[in-house]
Q: 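Just dropping this structure here.
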Amino acid sequence: QVQLVESGGGLVQAGDSLRLSCAASGRAISGYAMGWFRQAPGKEREFVAGIRSGGSIDYADSVKGRFTISRDNAKNTVYLQMNSLKPEDTAVYYCAANSRSVTDRTRYNYWGQGTQVTVSS
């Protein structure tokens, strides 16, 4: 079992930056693909960014050039650096682990509880 705890969310203004962290426990995540997803009110949970165990990365088109996913296997932690935030980035952000497809939320086995990100205009 892997437990995931997200942190770093908050209320910011458009154009600001935030860094989300996802701390894992229970097992080492070095061999896992890790992903960030988000869910806005009334919308489905959507893929944001994913990083495979080998380090290759995918981003949703909506965040390319603004968000950066990274992992520190020594700290068993994954990060999401979010720059140039927009009001449409407002959502609950979830960390997920262990997928053979980093973009498909149905393939992930483990999820965190989420952290709220609110971007005001």
Side-chain angles (χ1 to χ4, degrees):
Q1 292 290 331
V2 176
Q3 292 78 44
L4 303 172
V5 178
E6 302 95 336
S7 62
L11 172 62
V12 297
Q13 294 187 335
D16 286 350
S17 299
L18 279 175
R19 188 175 83 154
L20 305 183
S21 298
C22 172
S25 61
R27 289 185 180 178
I29 61 169
S30 56
Y32 289 11
M34 302 294 296
W36 285 97
F37 290 76
R38 67 187 181 186
Q39 188 166 18
K43 295 187 177 181
E44 290 191 352
R45 191 170 299 187
E46 65 175 3
F47 170 76
V48 174
I51 183 167
R52 298 172 183 83
S53 58
S56 62
I57 291 171
D58 282 331
Y59 293 103
D61 287 344
S62 59
V63 306
K64 280 181 182 176
R66 300 189 298 123
F67 290 11
T68 302
I69 188 172
S70 61
R71 63 193 302 161
D72 186 336
N73 290 332
K75 294 183 178 180
N76 229 29
T77 300
V78 176
Y79 304 97
L80 185 68
Q81 177 66 43
M82 306 186 295
N83 298 329
S84 303
L85 282 162
K86 304 176 181 180
E88 51 263 44
D89 295 318
T90 295
V92 178
Y93 283 71
Y94 297 90
C95 174
N98 191 12
S99 171
R100 294 185 179 182
S101 170
V102 293
T103 61
D104 184 352
R105 70 177 186 271
T106 67
R107 302 295 297 273
Y108 283 85
N109 297 88
Y110 306 107
W111 290 86
Q113 83 289 349
T115 185
Q116 176 71 46
V117 172
T118 303
V119 184
S120 64
S121 58

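What you see below is based on every heavy atom in this structure, not just the backbone, and it leaves out hydrogens, waters and symmetry mates.
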Q: Of the options L4, V92, V5, which is the one that meets Q113 in a side-chain contact (heavy atoms from CB on, under 4.5 Å)?
A: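 By the side-chain contact (heavy atoms from CB on, under 4.5 Å) criterion, Q113 pairs with just one of L4, V92, V5: V5.
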
Q: Please say whether more than 12 non-hydrogen atoms of neighbouring residues, nucleotides or ligands are located less than 6.0 Å from CD in E88.
A: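 Result for CD/E88: enclosed.
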
Q: So, do V119 and D16 sit near enough that their side-chain heavy atoms are less than 4.5 Å apart?
A: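 Of all side-chain heavy-atom pairs linking D16 with V119, none is under 4.5 Å.
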
Q: Does F47 offer a backbone N or O that forms a donor-acceptor pair with the side chain of T103 under 3.5 Å?
A: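 No, the answer is negative, given that no donor and acceptor are paired below the 3.5 Å cut-off.
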
Q: Please check this pair: side chain of R66 against backbone of S84, looking for a donor-acceptor N/O pair closer than 3.5 Å.
A: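 Yes, because the side chain of R66 sits within donor-acceptor range (under 3.5 Å) of the backbone of S84.
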
Q: Identify the two heavy atoms, one from E6 and one from G114, that lie closest to each other, and give their separation to 0.1 Å.
A: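 Shortest heavy-atom separation between E6 and G114 comes out as OE1-N, 2.9 Å.
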
Q: Quick one: are V48 and L80 in side-chain contact, heavy atoms under 4.5 Å?
A: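 SC-SC contact between V48 and L80 confirmed.
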
Q: If the condition is side chain to side chain donor-acceptor pair (under 3.5 Å), which residues does E46 pass it with, not counting sequence neighbours?
A: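 Per chain and number, E46 pairs via side chain to side chain donor-acceptor pair (under 3.5 Å) with R38.
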
Q: Can you find a pair of side-chain heavy atoms, one from I29 and one from R71, that are under 4.5 Å apart?
A: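 Yes, close enough: below the 4.5 Å cut-off.
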
Q: For M34 and C22, which heavy atoms make the closest approach, and how far apart are they?
A: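 Where M34 meets C22 most closely, the heavy atoms are CE-SG, 4.4 Å.
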
Q: Any side-chain heavy-atom pair from M82 and L20 closer than 4.5 angstrom?
A: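 In contact.
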
Q: If only atom types and distance count, is the side chain of D72 paired as donor or acceptor with the main-chain N or O of K75 below 3.5 Å?
A: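 Yes, D72 side chain to K75 backbone: donor-acceptor pair under 3.5 Å.
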
Q: Tell me, please, whether W111 has R105 positioned over its six-membered ring: NZ or CZ under 6.0 Å from the ring centre and within 45 degrees of its axis?
A: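 No; the conditions do not both hold, so R105 does not lie above the ring face of W111.
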
Q: Please check if the distance between the ring centroids of F37 and Y94 is under 6.0 Å.
A: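 Between F37 and Y94, the centre distance exceeds or equals 6.0 Å.
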
Q: Take L85 and N83 through the test side-chain contact (heavy atoms from CB on, under 4.5 Å) and record every step on the way to the result.
A: CA-CA 5 Å; L85 282 162; N83 298 329; over 6 Å; no

Q: Listed by chain and number, what are the side-chain contact (heavy atoms from CB on, under 4.5 Å) partners of N109, not counting sequence neighbours?
A: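 Here the qualifying residues are N98.
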
Q: I want to check something: taking the side chain as every heavy atom from C-beta on, are Y79 and I69 in contact at a cut-off of under 4.5 Å?
A: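 They are not in contact (no side-chain heavy atoms under 4.5 Å apart), so the answer is no.
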
Q: Between K64 and D61, does any side-chain N to carboxylate O distance fall below 4.0 Å?
A: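 Yes, charged N to carboxylate O under 4.0 Å.
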
Q: Do the side chains of R52 and V102 get nearer than 4.5 Å, heavy atoms only?
A: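 The answer is yes; the side chains approach within 4.5 Å.
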
Q: Within the distance-only criterion (no hydrogens, no angle test), does the side chain of T115 pair as donor or acceptor with the backbone N or O of G9 below 3.5 angstrom?
A: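 Yes; judged by distance alone, with no hydrogens or angles, the pair exists.
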
Q: Side-chain contact, heavy-atom cut-off 4.5 Å: S70 with Q81?
A: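 Heavy-atom side-chain distance check fails, nothing below 4.5 Å.
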
Q: Out of curiosity, Q116 CD to Y93 OH, how far, rounded to the nearest 0.5 Å?
A: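 Atom-to-atom, Q116:CD and Y93:OH are 9.5 Å apart.
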
Q: If you take all heavy atoms of S121 and P87, which pair is closest and at what distance?
A: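 Closest heavy-atom pair between S121 and P87: CB-CG, 3.8 Å.
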
Q: When you group the ILVMFWY residues by side-chain heavy-atom contacts below 4.5 Å and let the links chain together, are V78 and I57 in the same group?
A: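 Linked within one cluster.
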
Q: Please examine the side chains of I51 and W36, heavy atoms only from C-beta on, and report whether any two atoms are closer than 4.5 Å.
A: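 Side chain of W36 against side chain of I51, heavy atoms only: no contact under 4.5 Å found.
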
Q: To the nearest 0.5 Å, how far apart are OG in S17 and CZ in F67?
A: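 Here the rounded value is 9.5 Å.
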
Q: If you take all heavy atoms of Y108 and A96, which pair is closest and at what distance?
A: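 Of all heavy-atom pairs spanning Y108 and A96, the closest is CD2-CB, 3.3 Å.
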
Q: Indicate the atoms forming the closest heavy-atom contact of Q39 with K43, along with that distance.
A: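 Nearest heavy atoms, Q39 then K43: NE2-O, 3.1 Å.
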
